[in-house]
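Structure record follows, encoded as structure tokens.
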Amino acid sequence: MADMKIGAYVCQGCGLGERLDTKALALVAQKDGKAHIVREHEFLCNGQGLEMIQKDIAEGVNRVVIGACSRRAKAEAFSFENVAVSRVNLREQVIWSQPATEEARELTQEMAADYMRMGCAEAKKVSAPIPNPEHGTDRRILVVGGGVTGMTAALEAARAGYDVLLVEKTGALGGFMARLHKRVPYREPFADPQATGVEGLAAAVMKDPHITVFLSSTTTRTSGAPGRFSVDITTESGQTRTENVGAIVMASGFTPYDAGKLPEFGYGKSPNVVDQAGLEALARDAAVKGEPMRRPSDGQEIKSVVFVQCAGQRDATGTHLKYCSGHCCNTSIKQAMYFKEQNPDIDTAIIYTDLRTPGNGEDFYRSAQRKGVIFTKGKVASVEAGGSGPLSVHFHDLILDDKAATMKDVDLVVLATGQVPNSGVNIDVPVGAEDIDAGKPAEQAVSVLNLTYRQGPDVPQLRYGFTDSHFICFPYETRRTGIYTAGPVRRPMDIAQAVEDATGAALKAIQSAENASLGRAAHPRSGDLSYPSFRREGCTQCKRCTVECPFGAIDEDEQRYPQFNEGRCRRCGTCMGACPVRVISFENYSVDSVGSQIKAVDVPDEFSEKPRILLLACENDAYPALDMAGVSGHTSSAFIRTIPVRCLGSVNMIWITDALNSGYDGVMLMGCRHGDEYQCHFVKGSELANYRMSKIDDTLKNLNLEKDRVRVLEVAIADIGRVPELINDYAAKIKEIGMSPFKGF
Amino acid sequence: MADVVATQETIVVVGGGISGMTAAVEAAETGKNVILLERTPSLGGRVNQLYKYFPKLCHPTCGMEINLRRLRANKRIKVLTLAEVSKVEGRAGDYKLSVTLHPRYVNDNCTACGACGEAVSAEIPNPFNYGMSRMKAAYLPSLMAYPQRYVIDPSLLGTPDATKAREACKYGAVDLDMKAETITLSAGAVIWATGWRPYDAAKIQPYGYDRFDNVITSVEFERLSDPRGPTGGRIVRPSDGKEAKNVAFIQCAGSRDRNHLKHCSRICCMASLKQTTYVRERFGDEGQSTVYYIDIRAIDRFEDFYQKVQADSTVRFVKSKVANITEDESTGDVILHGVDTEGYHRYDNRHDLCVLAVGMEPNVDIKSIAGDVAVDASGFIQMGATDGGLFGAGCAANALDVNRSVQSATASVLRAVQVVNRVAKAEG
Amino acid sequence: MARKEYSFYPGCSSERLTSASNYMVSVEAMCKKLDVQLNEIPDWNCCGASIGYAEGGELPRHVMNARNLAISEQVNKGQDVVATCAACWLGAKETKDRLAEDKGLLAETNEALREAGMNLQYKGEQEVRHMVEVLIEDLGYDELKKPVVKSLEGIKFAGYVGCQTNRPFGIAGESFENPKYLDKLVEMVGGEPVEKYDQKVTCCGGALAFSEPEKSQAQIKKIIESAYDHGADMIVTPCPVCQMNVEVYQGQINKRYGTKFNIPVAYYSQLMAVAYGASAKEAGLNGQIIRAPRLEEIAAKAAR
Amino acid sequence: MGDINTAMTEQYRNNFLKEVEANVEEGQWVKMCMQCGVCSGSCPLGPAWEHPPQEIFMMIRAGRRDEVLKSESMWMCTSCYNCIVRCPRELPITHIMHGLANYAHRLGLAPKMNPTRRFAKMFWNNLTKSGRVNEIELSVGLYFMDGFKTGIARAWAMKDIGIGMLKTGRLNPFGFVTHKGCKDKKGIHKMLKKAREIEDRRKGFAA
């Protein structure tokens, strides 16, 4: 850029002035960094210091290099409108990570000087991003699923003033909730089953002027990005209309686990064995007729009912559902109350191993006991069903330690089977392969959203088919930007939770549409205006970026070039790291912006005994850990040169080979945990980096370098004491294997 | 604090823990102006004091880092710390909050360089470590503190240490003349995210928390296990500093109990299961954890975690509410007495340390502050019980784990957005 | 402080020549110094005690207690009922609580009461309180300290609270597991309490000392052993059954376990009486089977 | 009384629970037990119980009528009230144990030779005789309840205690003769008779 004007500022506060020769640093910025203006200041972050910088900006400075504290400190003070800022971390990661001794002075100063060079080099290669001009501006919300979750999401979004399209597969709203006789109480006094209110909810949806309902319809094609999704809504009869929406809430609900897989509990052998859904049907039916519930086999009076908890759930053998569905204890309690309401003399027993009624569910539990529902801690072995006659429930009474306990003459057995999510196609399972994750219905999965995405037609699943987020702090983190799943498709849950979940998901959808319309990124780089672009002429159409994007953001256009769908992009840079021909970049983060920092480091010659180690540190966890190590007074090798990266996934191999070629003695990569319990904020970034680095050996061999010249490490943000140890260990290793032969080339 | 501009389209979030931070950030990222109030000197709340989260065993500071970055980057959020709400008056769309701003004695000139901390000698109990360690009375609340500014404890005022602190600061950041002030904020909607506090374990008299050094609470055990904690992550006994390899966990310490908290606090089973992994992490096969429980409530996918812990041979489960604890005065060991109800085996089990999985109760009695709100018998805010514009989020609304708290906070934002959008529409 | 009056329910063991007559003697001496007047309920009957349930059942037990309370309501109008015996207090208080919450039971009780003389009807007008409650709540430690003329300095007391003065009602503000009022009373009279006495609320076996002596004596052994382990010179208690069980079986326990127990067990009221300047006889110290020589010494000394 | 004892009690049905609710003092609380076991661990004579309280509650729910009512367990209750104050469901466990013992005793199912049962009966008869307990009569009666010979042996074993009590004026050697008791003995007897009648009627006992 022709009019580039760099201002470099060196702070003398917080001990920087005493520990470093700031004048020399300013000179480095001027001489090596080619900064147009260099200034020292005794207290850069205060009003005066900032005014000084502002004044320079007003006079034409458009790149600012701040040689002071970490980018994590004083962030508000050092943010300037429309100016690219490069933060040089002289405090936490230079003077605070080095001993405050006279002997250490020289190396500390060298470290600071290199960081100033790197900061200036970066400043030259970045610019303040401007929003992608092609962003969509549609703010309508599509809700898929007309059960309690979908209806709630639609109503809550509508109440905030947003227009909603609600697509329901069946001919009526209500979903599973409409099949219930009553619901578990959700408000004080938590004592009795309550009316579901489903009719009222459905009516409210139908009459809301903001909501358009499509019954007997499915989403047969979904393409686009937040702010500009295009959705085909097709009726049973095959009529399709295309609608544009800004964001999507997927609330496709659940299917009860197939009780037919539990013949040992008599299901299918006797009509007097039902699942919880079957019992609801019985209760509704009786209520409609105004009659008591009767024994299904012969219409006889019911005198004894047994509820079998965890039927086909919490199964460690791999035959049935491995998880707990969370709601079933309360549901059985509610259903037992149906009978107590009908006639208090009906014996109702709930056989459980752990009764799970969290929160105020404990009141409901007590209320049931007060009504005479009997709770027996035991494990049911089998239900003996002699034709249409009474049943016997054989179980291990865990309290009385009676392995052969039996409840005889039982009129009805209710199996508390769990929830199986309606999550569509598991895109992580190759076509034709068997989905080994237990708890999936055997039938061929039918896609819910029919996404036209390169990576598959539905939202990725986490475990057991649930489309949950893997992040504890970010339950609505989604791997398909702008699409939020809610209700039991996301995680097993009851109505009260589904209502909360729907409301949260609706907010996220609204937020996503709003941000898309401003061209801003979604979590975790919320508000980031940069977006990836690529040099078409250099692209070899290798598809690595489209395959590796953790968010399925990149499709291929008609000419098989990548199509970035910026609205779906989360700005992690994984595509940039993947690209073998280095054509992908962001305005403020590129192969060049990092590469030039690497090259800016002054590499002393082979005989100096001053190795240089490059550390590429994930900015989310490893970099803060390094900062906090400094704050905590941990010291580490002065030969390290750290560059924060958006994610290890964004690390392009060229950085490593360039570093090694230019005489660095070692390269460390610090990223987040990967694998099943991954910690990577971009889901797959650290995993991909690990995979890519596993191939580095060939490169090293080609360069005739030792294996240990590159080390990849998993680091957590809390590894404050460990991070300096890792650095020191590696520095010792480098000392052991000796200096790189590539110096001075 | 004249620079705090609040209108009826502002959403005020009370409480700067994970729920409040989430609510503030989510609302701001939806384009709303937010004022986030926190009573203590730093955001972060109780989760910041946890070593790890269940079931992933990841670190709370990881999410906090992201949330702080979101917060720092968003100009729509104004954060006030040491800010305590004493009154909320008005109705949906038009609230007035009385807020007392307590003095920090350190202004925004502070660079967190640490010179004041070095200068003073007085020490106070460190609340971040639940008083299990002491710290200088001029302090940074935690490594992740936001704002990243020191605090001068009021106890220093008038002492020579106060002068030393002021003189040590080159940036004029120490201001000993700061006074508490009360301001009034306008808001269209209020999100109440004041969180929870651990039930007072001393009230559970049979367990002798007030009498025996080696009976501690689950929140204290988090600090004890954390490398950032008072012992640098060494799991040792308070009585004698000996390694505590044989640890007992007592579930429902205060919860599900008509004598204490009648509700189930939901998180405690998972918290104890998680804490057994700390014991394993430190001591390997030499560690021994025993969990005394009534029902293990590892709900939904958490069941996986329960099964994993069950498979650990160093972890034992005893279905029993412990009757009482006695102390062996000569060794400091704690002896748990009770009956294993599965088959009735009486036990008098000796442990190095006993951890009480204490229950959750709402941190703030909101009924004494706001009228426009309904609470349940445990004091949690009931959703939708009034048509006001004050919404509970996180553990102010229910006994919730972190994941569900964040979900609840996100939901509360939409409810607040509905109110302020109505105001905006009415105002044209 | 003005004279305080209470409707007094002494109970069977407080009669002359009964197992807790020494308790009664000391209570009289103590109350005299404190200017507390105890108006005995005329013709009171037994409360049924903790063992009465088996043959007596529910209603007869309540009726027995209701009779005492009804007489009190009739004769000692406007006064709180106070008992010195744990079982008496508990029995009467339980009846009051049960009849307050169960109107059917109340009606049945009154139906039976009509059969007794004196034209009785139980209304539930009076509070039922323990002597210790009266001391702590109505007078308070400061007031209780005023008449102290002698210090019990140098004597170490294990405060054995036992069960029924402590559970299920207990003394307000005290915990069921670690009540501290005996320690406070001991301190008040200049003695040294064993603060870490860990058997202060262990059950002595109660009435089962008679029917299940082995099991009860195992309990009593723990109670005494811990007192010795903590260096106590004496045990002090508020309950007649506790006092008797812990004191009189020491010989048998010594035989059974080869121990050498010989520790005096006194009532709080005896300590207070002595501290208030009462003679050994006035303090009922002649009622100790295991004599308390150090208390007797102090009682014999002239007041400072 | 015979009928109720021979009536069929099905396992895990609620017949016996309902019987307990109707006829046992505080029996309506049995269903509220949450199986935590704190009562069982809190009982001072716990190790002496064949079935601790929580197990008894579970046995009642499981319909094990005979086992419960013939058990020695409830008779081990010392009335220490530990269970009551620790029970997280506030069950009046002490009273339920008393109630069960009384019920079993009234039905004639309680173990005949259980010493506490026998002592309790003697105690009640002693106290109701005059309205107040006659301690010397009670002690002597207790020693001699199994006949003269064992009585002498027991009294001999207890002689030191007896002498101690006599010497200190805490036992009246002439109590057999001089114990006066209440003045309104007649009224008390009538009152108790009435109470017993009412209770028997309510609980379905034949007079």
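All figures in this text were calculated on a predicted structure; none of them were measured in a lab. Just so it is clear: chains get the letters A, B, ... in the order the sequence lines come, proteins before strands, and each one is counted from 1. Computed over heavy atoms, backbone and side chain alike; hydrogens, waters and symmetry mates excluded.
- Proximity to chain A (any heavy atom under 4.5 Å) is shown, for B:Pro55, by both the backbone and the side chain.
- Per-residue counts of heavy-atom pairs under 4.5 Å with chain B were compared for A:Pro475, A:Ala505, A:Pro492, A:Gly527; the largest is that of A:Pro475.
- With a 4.5 Å cut-off on non-hydrogen atoms, B:Cys268 does not touch chain A at all.
- Neither the backbone nor the side chain of B:Ala73 comes within contact range of chain A; no heavy atom of the residue lies under 4.5 Å from a heavy atom of that chain.
- The backbone N or O of B:Asp376 lies less than 3.5 Å from no partner atom in the side chain of A:Arg187, so there is not a single donor-acceptor pair.
- The backbone N or O of B:Ile267 lies less than 3.5 Å from no partner atom in the side chain of B:Asp401, so there is not a single donor-acceptor pair.
- When heavy atoms are compared at a cutoff of 4.5 Å, A:His470 approaches chain B by way of both its backbone and its side chain.
- Of the two parts of B:Lys56, the backbone and the side chain both hold a non-hydrogen atom closer than 4.5 Å to a non-hydrogen atom of chain A.
- Between the side chain of A:Tyr623 and the main chain of A:Ile717, no donor-acceptor pair closer than 3.5 Å is present.
- The candidate with the highest count of non-hydrogen atom pairs below 4.5 Å against chain A, out of B:Cys58, B:Ser405, B:Pro147, is B:Cys58.
- Ranked by heavy-atom pairs shorter than 4.5 Å toward chain A, the options B:Val402, B:Asn109, B:Asn398, B:Val47 are led by B:Asn109.
- Both the backbone and the side chain of B:Asp295 come within less than 4.5 Å of a heavy atom of chain A.
- With a 4.5 Å cut-off on non-hydrogen atoms, B:Arg149 does not touch chain A at all.
- Interface residue A:Glu76: only side-chain heavy atoms are found under 4.5 Å from chain B.
- Separating the CG atom in B:Asn107 from the OH atom in B:Tyr150 is a distance of 15.5 Å, to the nearest 0.5 Å.
- Residue with the most contacts toward chain B among A:Asp676, A:Asp363, A:Ile510: A:Asp363 (heavy-atom pairs, distance under 4.5 Å).
- Interface remark: B:Lys52 contributes no atoms to any contact with chain A (heavy atom separation under 4.5 Å).
- Residue contact with chain A, scored on non-hydrogen atoms closer than 4.5 Å, involves the backbone and the side chain of B:Glu342 alike.
- We find the CZ-CG distance between B:Phe380 and A:Asn360 to be 7.5 Å, quoted to the nearest 0.5 Å.
- Cation-pi geometry between A:Lys379 and A:Tyr352 is not met: the NZ or CZ atom fails to fall both under 6.0 Å from the ring centre and inside 45° of the normal.
- A:Tyr323 places a side-chain N or O within 3.5 Å of a backbone atom of A:Gln419 that can act as its donor or acceptor partner.
- Counting heavy-atom pairs closer than 4.5 Å to chain A, the top residue among B:Arg228, B:Gln382, B:Met383, B:Gln148 is B:Gln382.
- Of the listed residues (B:Gly232, B:Cys113, B:Ala298), the one with the most heavy-atom contacts under 4.5 Å to chain A is B:Ala298.
- Your options are B:Gly63, B:Cys62, B:Ala374, B:Ala112, and the one with the most heavy-atom pairs under 4.5 Å with chain A is B:Cys62.
- For A:Asp621, the part lying near chain B is the side chain, with the backbone staying farther off; criterion is any non-hydrogen pair under 4.5 Å.
- Both the backbone and the side chain of A:Asn620 come within contact range of chain B, judged by heavy atoms closer than 4.5 Å.
- Side-chain N or O atoms of A:Gln309 include one that pairs as donor or acceptor with a backbone N or O of A:Cys328 at under 3.5 Å.
- Formation of a donor-acceptor pair under 3.5 Å by the B:Tyr171 side chain with backbone atoms of A:Cys14 is found in this model.
- Atom-to-atom distance recorded for B:Lys274:NZ and B:Phe54:CZ is 6.5 Å, nearest 0.5 angstrom.
- Aromatic pair A:Phe190/A:Phe364: ring centres not closer than 6.0 Å.
- Although no hydrogens or angles enter the test, the distance criterion places no donor-acceptor pair under 3.5 Å between the side chain of B:Ser378 and the main chain of B:His263.
- A:Asn515 places a side-chain N or O within 3.5 Å of a backbone atom of B:Glu29 that can act as its donor or acceptor partner.
- Only the side chain of A:Arg91 comes within contact range of chain B, with at least one heavy atom under 4.5 Å from a heavy atom of that chain.
- Between B:Glu303 and the options A:Lys322, A:Arg356, A:Arg463, a salt bridge (Lys or Arg N to Asp or Glu O under 4.0 Å) holds for only A:Arg356.
- Using a 4.5 Å cut-off between heavy atoms, B:Glu26 touches chain A through backbone and side chain atoms alike.
- The candidate with the highest count of non-hydrogen atom pairs below 4.5 Å against chain B, out of A:Gly361, A:Gly504, A:Pro358, A:Gly15, is A:Pro358.
- Residue B:Asn74 does not touch chain A at all, counting heavy-atom pairs closer than 4.5 Å.
- When atom types are taken as modelled, the side chain of B:Arg415 and the backbone of A:Thr503 share no donor-acceptor pair closer than 3.5 angstrom.
- Contact annotation for B:Ala115: neither backbone nor side-chain heavy atoms come within less than 4.5 Å of a heavy atom of chain A.
- For A:Arg490, the part lying near chain B is the side chain, with the backbone staying farther off; criterion is any non-hydrogen pair under 4.5 Å.
- Counting heavy-atom pairs under 4.5 Å between each of A:Gly326, A:Ala718, A:Pro189, A:Ala75 and chain B puts A:Ala718 at the top.
- Across A:Arg525, A:Arg520, A:His681, the residue that shares the most heavy-atom pairs under 4.5 angstrom with chain B is A:His681.
- Within the 4.5 angstrom heavy-atom criterion, only backbone atoms of A:Glu42 (N, CA, C, O) approach chain B.
- Comparing A:Met493, A:His523, A:Arg491, A:Glu514 by how many heavy-atom pairs each has under 4.5 Å with chain B, the most go to A:Arg491.
- Interface check for chain A: of the options B:Ser255, B:Gly31, B:Ala377, the most heavy-atom pairs under 4.5 Å are formed by B:Ala377.
- In this structure, chain A has a heavy atom under 4.5 Å from the side chain of B:Arg404, while its backbone stays farther away.
- When heavy atoms are compared at a cutoff of 4.5 Å, A:Ile720 approaches chain B solely by way of its side chain, counted from C-beta outward.
- At a 4.5 Å heavy-atom cutoff, A:Asp402 makes no contact with chain B through either its backbone or its side chain.
- Atom CD of B:Gln307 has more than 12 heavy atoms from other residues, nucleotides or ligands within 6.0 Å.
- Neither the backbone nor the side chain of A:Ser512 comes within less than 4.5 Å of any heavy atom in chain B.
- For B:Gln418, the parts lying near chain A are the backbone and the side chain together; criterion is any non-hydrogen pair under 4.5 Å.
- Interface remark: B:Arg72 contributes backbone and side-chain atoms alike to the contact with chain A (heavy atom separation under 4.5 Å).
- In plain terms, the two heavy atoms of A:Gly378 and A:Thr353 that are nearest each other are O-CG2, 3.5 Å.
- Figure legend: B:Arg297 and B:Phe302 shown without cation-pi pairing, the cationic atom not lying both under 6.0 angstrom from the six-membered ring centre and within 45 degrees of its axis.
- For A:Asp501 (side chain) and A:Gly487 (main-chain N/O), a donor-acceptor pair under 3.5 Å exists by modelled atom type.
- Residues satisfying the side-chain contact (heavy atoms from CB on, under 4.5 Å) criterion with A:Ala506, sequence neighbours excluded, are A:Ala153, A:Ala157, B:Leu414.
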